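The chains referred to below are lettered A, B, ... by the order of the sequence lines, with proteins before strands, and numbering in each begins at 1. Quick caveat, the model's predicted, so the values are computed rather than measured. For the numbers below, each heavy atom of this structure counts, side chains included, while hydrogens, waters and symmetry mates do not.
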Amino acid sequence: MAVIRCQACGKPNPDFLDVCQYCDARLKPLEAGPAPEAAPAGDVIRCQACGKPNPAFTEVCQFCDSPLKPQLFGFGETTSAEAGDQIRCQSCGRLNPPFAEACQYCEARLRPLQEIAGDETAGATAAPEPPGSPGGGPESGAQPGMEWMRRLSTEPSAEPDWMWTGAAGEEPEPAAAPSEETPDWMRPFGGEQPAQPAEPPGSPEGGPAMPDWMSSLGGEPTRMETAAPAEEVPDWLRSFGEPPSQPTPSAPAPSRDIPEWLRPPESSEAEAAAPLGETPDWLSTPAQPEAAPPAEEVLDWMRSSGGAPAQPAEAAPPGSPEGGPAFGAEPTSAAEMPDWLSALGGAPAQPEAALPAEEVPDWMRSSGGAPAEPVETAPPGSPEGGPAFGAEPTSAAEMPDWLSALGGAPAQPAEAAPAFGAEPTPAAEMPDWLSALGGAPAQPAEAAPAFGAEPTPAAEMPDWLSALGGAPADVGGFETRPEAAPADETPDWLRSMGISAPTEPVGAPPEAAEAAPDWLSGLGAPRFAAPAEPTSPFGAFTEIPAEAAPAAGEMPDWLSSLQPATPPEVPGAPEPAPASSLFGAMPSPFAAEETPTPLVPPAATAGLALGEMPTWLQSMRPVDVQPSRVPPEVDNYEEKVGILAGMRGVLQAEPAIAKPHKSEVPVQKLEVSEAEAAQATLLAGVLKAEAEEARPVSKRRLQIALPVERWLVFAALALAVIFPWFFAAGFFPAPTTIARETNAAFELVEGLPTDKPVLVAFDYDPAQRGELDPAAQAVIFHLMRRGVSLAGVSTHPAGAGVGQDIFNELALGLKNAYGVSYTYGVNYINLGYIPGGPVGLLQFATNPRSLFNTDFSGAMRVWDAQSAPEMSPVYGLSDFSLIVLVSSTPDAIRAWIEQTQSFAAAAPVVAVVSAGADPLVRPYYEANPPQIKGMVTGIVGAAQYEQRAGLPGGGPASNRWDAIGGGVLAAVILIIAGNLLGALARMTVLRARKR
Amino acid sequence: MPAALLQSLPDIMVFALTLMVFTYLLGDNPLYRLAVHLFVGVTAGYAVLVAYYNVIHPQMLGPLVVSLSQGLAVLTALPTLLPALFALMLSLFLLLKLSPGASWTNRLGSVATAYLVGVGSAVAIGGAITGTLFPQINATFLSLLPQTELGFSPERMVDHFVIIFGTLATLGFFYYGARVRPGRPPERPPLARPVALVGQVFIGVAFGVMYAGALVASLAFFADRLVAMWSILEPFLGGG
Amino acid sequence: MNLTGLGFVLLFAGLILAFIVLGRRRGARPAAFRPLEALQSLPTTVGEAVETGRRLHISLGTGTIGQTDTAAALAGLTVLDQISEVTVVSDKPPVVTASDGAVMLLAQDTLQHVYSRQNAQERYDPTSARVAGLSPLSFGAAVTTMITDDSLAGTVLVGSVGSEAVLLAEAGHRANITTLAGSLDPAAQALLFAAADYPLIGEDLFAGGAYIGRHPGHIASLRAQDIMRLLIGLAILGGALLKTLGILP
Amino acid sequence: MKIRFGNALLTAIAAGVGFVTLLGYFVNAPILRVMRQQLVAWASLLAAVAVIIGALNLLQVHLKKMTRGAPGWFYSLFLILSLVGTLGVGIAAPFVGWGSGPTNTANAWVFHNIQSALGAAIAGLLFFFLVFAGYRLLRRRASLTLVVFVVAAIISLIGAAPLPAGVPDFGLRDLRLWLAQVPAVAGGRGLLLGVALGVIATGLRILLAVDRPYGE
């Protein structure tokens with residue numbers, strides 16, 4: 001690289017510079033001199049992307065810009081806390097980065113679990129504080145929603161700084177992330193090496209080619225729970241997609257997740273927010289410790305990984321019952337969760353609230369889609385899957401697609417490629433990575449077009465692509481040569497999947513939401529499905545639906561398919577009954593999650609099923625189960641190893657099976673996509689509504705209603721203004737009470753010496769004449785009547801024209817009304833436009849004569865006593881007897897006061913301001929000593945002034961009084977009504993969600 | 001009555017244009033767009049005229065042209081012309097920036113923009129301090145035991161109390177520093193929280209009042225248009 | 001000779017520099033800032049824009065360069081720099097609108113830099129930073145038509161605007177796109193507070209650089225602002241106290 | 001290196017003129033005052049030039065729109081015509097004897113009958129939009145500030161509203177006055193002070209060359 005990116009400002013610098021030419025930040029850490037290796041091992045972090053050593057304090061690899069340390073969304077404290085010496089693996093003796101829990105070389109655990117627990121919770125920092133905590137207020141409440149939204153919107157490693165900036169620390173990388181990493185991300189896909197990500201990691205250039213995304217991923221192990229879908233993808237990808245050459249990143253990621261399951265006690269301490277009452281519950285069932293960290297998300301993905309409780313359930317029947325209450329209690333502990341949960345889950349109850357209903361089962365179904373296959377022992381290799389999903393036009397097409405990709409890949413990768421081509425632009429991102437997915441395993445070449453085709457998506461997309469492109473490739477590699485991965489490798493990636501997959505639904509953005517969990521679980525499921533079949537738990541799942549069947553109308557068809565697949569597992573059956581009762585009371589996405597697991601009451605499944613098409617259960621079950629269930633098993637290697645090993649063995653079979661099943665239910669596919677779209681929007685809406693304060697609940701719904709509503713409101717307003725003004729003149733009597741400031745202005749004008757001219761500043765646009773003219777006219781007319789000579793200026797280009805108009809108008813009116821002739825140049829003049837706003841004002845204030853030679857028309861020499869005698873005494877602002885500021889914005893007033901105050905000490909200031917500016921100008925009036933001696937505010941002030949000055953026949957303001965009155969009243973009524981209704985609507989919605 | 005029509009052509013135009021704009025209430029439509037583009041164009045043209053006739057010509061081109069017209073006298077007048085010349089140079093630099101590409105022109109233009117940015121920031125700072133910050137702080141130096149001519153006035157005291165602490169609370173609401181606890185998002189330091197809460201209330205009131213004011217103002221705009229349109233329509237209705 | 005003013009400026013400047021230096025210190029305790037919903041929502045808006053393949057509209061308001069509202073325009077440019085980093089990679093570059101020629105030029109520069117940083121100069125289109133209208137109202141009105149013409153995905157308004165901002169917000173609401181808006185002028189802030197999806201109130205307008213880009217300089221100045229804020233608060237209290245005790249006339 | 005030099009130069013210019021101008025505010029040495037005035041004068045000249053640049057850019061953008069037939073090009077045509085027309089009239093006026101400057105009869109007519117009329121009409125729209133924004137306020141989001149906002153707005157609206165004869169304002173007029181003169185002043189002052197802080201910080205970043213938004 002001839003260019004070094006400044007880690008502080010992200011700008012590129014020639015590599016011979018030691019200091020950033022833009023921000024003077026050091027570019028090359030001193031340690032990393034010519035011979036980096038020389039640096040003491042203690043201070044060195046080895047970049048997982050390029051393998052080069054970096055000084056321990058650097059957050060970013062100075063060679064490849066990839067993060068070296070986990071960024072907890074910028075929670076530098078925790079981050080910096082982790083920056084320590086490297087850890088030497090006891091088993092293989094090699095050095096590992098300080099944050100790694102498992103040896104990157106031999107997978108051996110590096111630290112006792114407690115430590116990890118600590119990090120675990122730390123890892124959850126990005127999650128918002130539980131609503132219970134005081135002072136968090138709306139802002140903090142707003143977090144979770146925004147976080148996952150944010151994930152969607154920014155490339156994963158840019159994330160830390162998108163996150164609220166809480167201490168990303170000075171670690172420059174995240175700070176400059178967007179500027180910095182985007183290019184990096186792009187580079188691989190920008191076309192320089194499009195095919196690269198898809199290349200099997202084993203291949204020579206594959207390893208080196210990937211540094212960017214690999215490293216970036218490698219950097220974030222601690223982020224697992226809170227990480228964005230994009231985040232996780234890489235992690236788990238790495239975890240199982242790890243090319244033997246570089247297993248490093250994989251280790252930390254998974255191991256980070258597991259510990260806490262292993263060690264309930266820590267987790268309970270860790271969770272500051274969750275009611276202590278629950279903790280026992282958590283502990284009781286191995287699955288639940290996931291929920292321990294206070295972080296919302298953890299809760300979320302725990303919930304989403306609802307399958308989890310299931311496994312323990314089968315594994316240890318006694319455990320699950322407590323599991324139930326634990327979850328039941330959850331809502332109370334996390335205030336916002338229940339709402340959207342109920343929204344999701346409650347939906348099935350009320351069909352018209354269908355969206356939620358559909359989505360919950362949907363994403364499950366989708367996510368479950370792949371694993372379902374094994375259950376349905378369908379003829380492997382049936383081609384439909386590929387094309388069917390490829391043709392999928394809807395925006396939510398990803399789900400089926402990835403499936404097709406997944407399925408298609410092993411059998412006929414050709415299928416997968418077309419699928420993305422067929423993809424509509426909205427979903428453009430997905431197809432691409434899909435292509436990666438599908439293409440990679442079969443022939444890496446496939447993926448290349450996908451990237452090439454990818455125009456210039458969000459910075460994030462590329463890494464998705466790469467990640468996914470890489471992933472399947474790895475998978476392939478993995479499957480082809482199992483020996484590549486150590487025996488306990490499997491648990492790792494299984495685990496990582498177990499977590500990452502569930503996380504998506506909560507953490508994922510509308511579109512991405514489906515995609516992430518789906519393919520995640522999909523990928524995950526395959527691996528398990530085959531082995532799972534034989535094992536008892538799996539049987540249990542397939543079994544339960546059988547019981548649910550009677551309740552669920554559509555169930556039968558798939559049930560039939562299921563029954564054969566399920567041998568024993570009657571023991572699993574009793575479970576549901578007790579558990580279900582608990583879960584019934586519980587947020588139903590949870591319940592929904594459960595559905596695949598035996599825990600779900602038949603009723604619940606039925607409800608869900610009703611919202612959906614029959615096959616959803618089967619498809620969903622394995623997926624959801626797999627990821628979540630895996631972890632617990634994984635946790636304790638001893639017991640479960642048997643199963644895992646079994647699973648691993650069956651891996652190859654799965655993908656082949658996966659495809660056919662999909663192909664058989666094209667209908668389902670359709671609904672899936674549609675439903676997923678629904679889910680995406682709704683989940684987004686609901687989460688936002690819960691989490692964010694200032695975000696429309698869901699714009700989509702408003703869309704329909706608003707135009708009509710808008711028209712009604714507009715019509716009402718128009719009528720309210722026109723009617724009284726037209727038909728009921730005098731309905732609103734002119735004001736009798738004169739405001740203090742208005743009176744002050746009047747008195748000031750009244751007592752003004754007539755020997756000096758008055759400066760009138762017309763700082764408003766012709767557009768504002770409607771409001772300000774009446775006020776200005778009232779004051780100016782009063783001045784004219786007192787025979788004061790006037791000079792007009794304006795800091796607003798169009799204002800001078802306005803001044804000209806008003807002057808001429810009033811001069812004419814004066815002539816007509818009083819026969820007093822007011823002549824231009826003698827009694828009044830319009831100096832014109834003061835350019836440069838305040839800057840010009842300053843110049844004008846310091847020396848008016850330097851600014852103006854001629855008047856506004858450019859024809860009259862202003863300072864020449866013949867042409868403009870009135871101006872001859874004027875040398876500075878103090879030579880005016882009064883300064884009248886007519887302005888629509890407080891800025892203009894402020895500018896005048898700021899710039900001219902020191903020069904116009906002698907001349908008092910009267911402000912004629914728009915009602916909108918009043919509160920901000922008032923401080924100058926209220927100030928002590930007042931910077932403004934009198935104010936006339938808007939149309940009301942004008943009317944008052946007219947009354948006070950007793951203008952003949954009332955002024956323009958008085959004439960509009962009725963229209964104003966009608967309009968204001970209508971506005972008040974509408975605003976009150978609208979907000980009452982709105983508030984009520986919100987409440988009902990909230991209550992509905994709660995229920 | 002063609003003559004009358006011709007004479008009242010401007011009025012008719014005003015009327016039509018106003019109507020075109022108000023169609024936007026029903027939704028975006030060609031008429032509105034037409035009106036808007038017309039408006040943008042006319043406004044821009046007028047702004048340029050004003051800028052030229054009120055600034056560029058009198059302050060820069062005028063003097064130069066005049067002195068140039070005096071032939072060699074220019075040389076003698078040169079010192080007095082330097083400011084105008086320098087301004088001309090900066091202006092040309094700025095105009096250069098319009099030409100796309102050509103990095104050197106761009107960089108020359110940057111000289112002008114850098115100049116503007118520098119002066120602008122200075123003026124902004126100076127203005128903010130001398131015009132807003134100090135005066136406003138000064139204005140908040142209010143006695144909590146205010147004495148009026150009628151002696152001590154409790155309601156005044158309340159007012160002052162509210163103003164002082166309202167100002168402080170509002171100012172405090174914007175306090176950016178946050179406390180980070182592991183496992184938590186950054187949150188306002190405990191001390192700042194109540195302050196922020198109170199601040200929110202005052203901000204709400206201030207905004208509410210401003211909004212109300214702006215509402216009345218805009219209502220005045222609309223009423224003004226109504227009056228104008230009616231005054232245009234009236235003669236026709238009256239005149240049959 | 002206004003020594004107080006000078007002192008204030010010097011102190012402020014000193015604080016900013018000090019915080020920059022402190023921030024650079026290795027192992028410096030990183031700054032954490034309170035949640036700021038509007039700015040933290042930006043990524044969402046940007047992401048929506050990028051994903052829907054529509055253009056993001058970044059408006060620098062009707063502010064100018066070289067005047068007191070320079071600061072607002074600069075704040076807008078900072079945000080523009082941060083956002084365009086992300087959006088530039090989309091095939092639909094952001095649309096930047098201003099109402100002042102100089103601001104527009106600076107916006108073009110900013111975009112150009114971003115593009116060159118992304119090695120995508122060839123895709124840089126000077127007209128993507130444009131003057132929408134030369135008067136505030138014409139600016140606001142012009143933008144209402146742009147939202148549909150340029151199929152915008154969202155509007156980010158950071159600069160100094162007046163009531164015309166309402167037009168912008170309303171148009172955004174009609175087009176059902178997100179509007180994030182803040183203005184130098186509190187009166188406009190009040191209107192935006194009612195009309196915009198994500199209002200930026202008060203000085204949050206200037207926090208963009210620190211929140212979005214975590215630019216060290218901006219972080220430092222935000223911290224310095226907090227210190228000055230405390231000082232001002234103390235000054236007010238002290239002044240009031242002196243007034244109360246009758247020491248201050 | 002060339003680039004670096006360019007940057008250094010630009011930075012020097014910006015910071016230099018900035019400091020001189022700023023000092024002019026606080027140190028009243030005559031020389032400083034004179035310099036500040038000159039710098040400021042130039043800046044305001046440039047501001048005027050910026051207007052012309054703005055117009056040129058407007059033309060450029062809309063010409064491009066037309067030539068490309070981009071959506072809405074048709075309207076761009078009108079924009080260009082009106083812009084050029086206004087300018088042309090203004091330039092031609094002196095020679096036609098319509099008077100010179102922006103106040104010449106032709107431009108005055110355009111100003112009065114087109115610009116003012118359209119501007120006022122567009123401003124008239126604000127009323128509807130503002131009310132509608134307030135109308136759907138609490139529906140979209142709810143927060144302490146918002147509730148206070150709505151209440152304060154309603155009170156001060158009623159307080160400001162002309163009331164039908166004989167209809168009592170339930171002390172709302174006084175309440176509104178108090179709101180506007182006490183709490184609103186406090187809030188507004190807080191906002192102003194905060195904004196001032198932000199402005200100063202932003203300005204100082206320029207003078208300290210922490211930010212360099214200008215050019216290359």
Student: At a 4.5 Å cut-off on heavy atoms, which part of D/Leu207 comes close to chain B: side chain, backbone, both, or neither?
Tutor: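 The side chain, not the backbone.
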
Student: So which residue, B/Ile137, B/Ile129, B/Val36, ends up with the most heavy-atom pairs under 4.5 Å with chain D?
Tutor: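 The answer is B/Ile129.
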
Student: Do the ring planes of D/Phe128 and B/Phe22 sit parallel (below 30°), tilted (30 to 60°) or perpendicular (above 60°)?
Tutor: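 Ring orientation, 0 to 90° scale: perpendicular.
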
Student: Among B/Phe15, B/Tyr24, B/Phe174, B/Phe93, single out the residue with the greatest number of heavy-atom pairs under 4.5 Å to chain D.
Tutor: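 Looking at each of B/Phe15, B/Tyr24, B/Phe174, B/Phe93 in turn, B/Tyr24 comes out on top.
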
Student: Is there a side chain to side chain contact (heavy atoms under 4.5 Å, CB included) between D/Arg189 and B/Ile163? Walk through the geometry before answering.
Tutor: CA-CA 9 Å; D/Arg189 204 169 264 165; B/Ile163 290 186; 3.5 Å; yes

Student: So do the side chains of B/Tyr115 and D/Leu39 get within less than 4.5 Å of each other, counting heavy atoms only?
Tutor: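 Side-chain contact under 4.5 Å: yes.
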
Student: Counting heavy-atom pairs under 4.5 Å with chain D, which one of B/Leu38, B/Leu19, B/Val216 comes out on top?
Tutor: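 The candidate making the most pairs under 4.5 Å is B/Leu38.
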
Student: I'd like to check B/Thr132 versus D/Val195 (side-chain heavy atoms, cut-off strictly below 4.5 Å). Are they in contact?
Tutor: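 The answer is no; the side chains never approach within 4.5 Å.
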
Student: Would you indicate whether the side-chain heavy atoms of B/Phe202 and D/Val182 approach each other to under 4.5 Å?
Tutor: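 The answer is no; the side chains never approach within 4.5 Å.
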
Student: I need the residue from B/Val111, B/Val55, B/Asp159 with the largest number of non-hydrogen atom pairs under 4.5 Å to chain D.
Tutor: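 Heavy-atom pairs under 4.5 Å are most numerous for B/Asp159.
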
Student: Most heavy-atom pairs under 4.5 angstrom with chain D, which of B/Ala112, B/Ala128, B/Gly109?
Tutor: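 Heavy-atom pairs under 4.5 Å are most numerous for B/Ala128.
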
Student: Where is the tightest heavy-atom contact between B/Leu34 and D/Tyr75, given as atom of each residue plus distance?
Tutor: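 That closest heavy-atom pairing would be N-CD2, 3.8 Å.
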
Student: Side chain, backbone, both or neither: which part of B/Ala214 has a non-hydrogen atom closer than 4.5 Å to chain D?
Tutor: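 B/Ala214 touches chain D through backbone and side-chain heavy atoms alike.
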
Student: Return the orientation label for the B/Phe222 and D/Phe127 ring planes: parallel under 30°, perpendicular over 60°, tilted otherwise.
Tutor: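 Aromatic pair B/Phe222/D/Phe127 classed parallel.
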
Student: What's the shortest heavy-atom distance between D/Ala184 and B/Val209, and which atoms?
Tutor: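 Of all heavy-atom pairs spanning D/Ala184 and B/Val209, the closest is CB-CG2, 4.0 Å.
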
Student: Which heavy atom of B/Gly126 sits nearest a heavy atom of D/Leu22, and at what distance?
Tutor: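 Heavy-atom minimum between the residues: N-CD1, 3.8 Å.
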
Student: Do you know the tightest heavy-atom contact between B/Gly41 and D/Ser82?
Tutor: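 Closest pair (atom of B/Gly41, atom of D/Ser82, distance): CA-OG, 3.2 Å.
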
Student: Answer with side chain, backbone, both or neither: which region of B/Ser91 has an atom nearer than 4.5 Å to a non-hydrogen atom of chain D?
Tutor: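 Both parts, backbone and side chain.
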
Student: Quick one: pull up CG in D/Leu45 and CG in B/Leu90 and give me the separation to the nearest 0.5 Å.
Tutor: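 Interatomic distance, D/Leu45 CG to B/Leu90 CG, rounded to 0.5 Å: 9.0 Å.
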
Student: Identify which of B/Leu49, B/Thr18, B/Leu95 forms the greatest number of heavy-atom pairs closer than 4.5 Å to chain D.
Tutor: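 Ranked by heavy-atom pairs under 4.5 Å with chain D, first place is B/Leu49.
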
Student: What part of B/Met210 gets closer than 4.5 Å to chain D, counting heavy atoms only: side chain, backbone, both or neither?
Tutor: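 For B/Met210, the side chain is the part near chain D, not the backbone.
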
Student: For B/Val117 versus D/Pro213, what's the shortest heavy-atom pair and its separation?
Tutor: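 So the minimum-distance heavy-atom pair works out to CG1-CG, 4.2 Å.
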
Student: Closest heavy-atom contact between D/Leu193 and B/Thr167?
Tutor: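 Shortest heavy-atom contact: CD1-CG2, 3.8 Å.
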
Student: Chain D heavy atoms under 4.5 Å from B/Tyr52: which part of the residue, side chain, backbone, both or neither?
Tutor: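 No part of B/Tyr52 comes within 4.5 Å of chain D.
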
Student: What part of B/Arg33 gets within 4.5 angstrom of chain D, counting heavy atoms only: side chain, backbone, both, or neither?
Tutor: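 When you check distances to chain D, atoms from both the backbone and side chain of B/Arg33 fall under 4.5 Å.
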
Student: Nearest 0.5 angstrom please: D/Leu79 CG to B/Phe39 CZ, how far?
Tutor: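 Those atoms lie 11.5 Å apart.
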
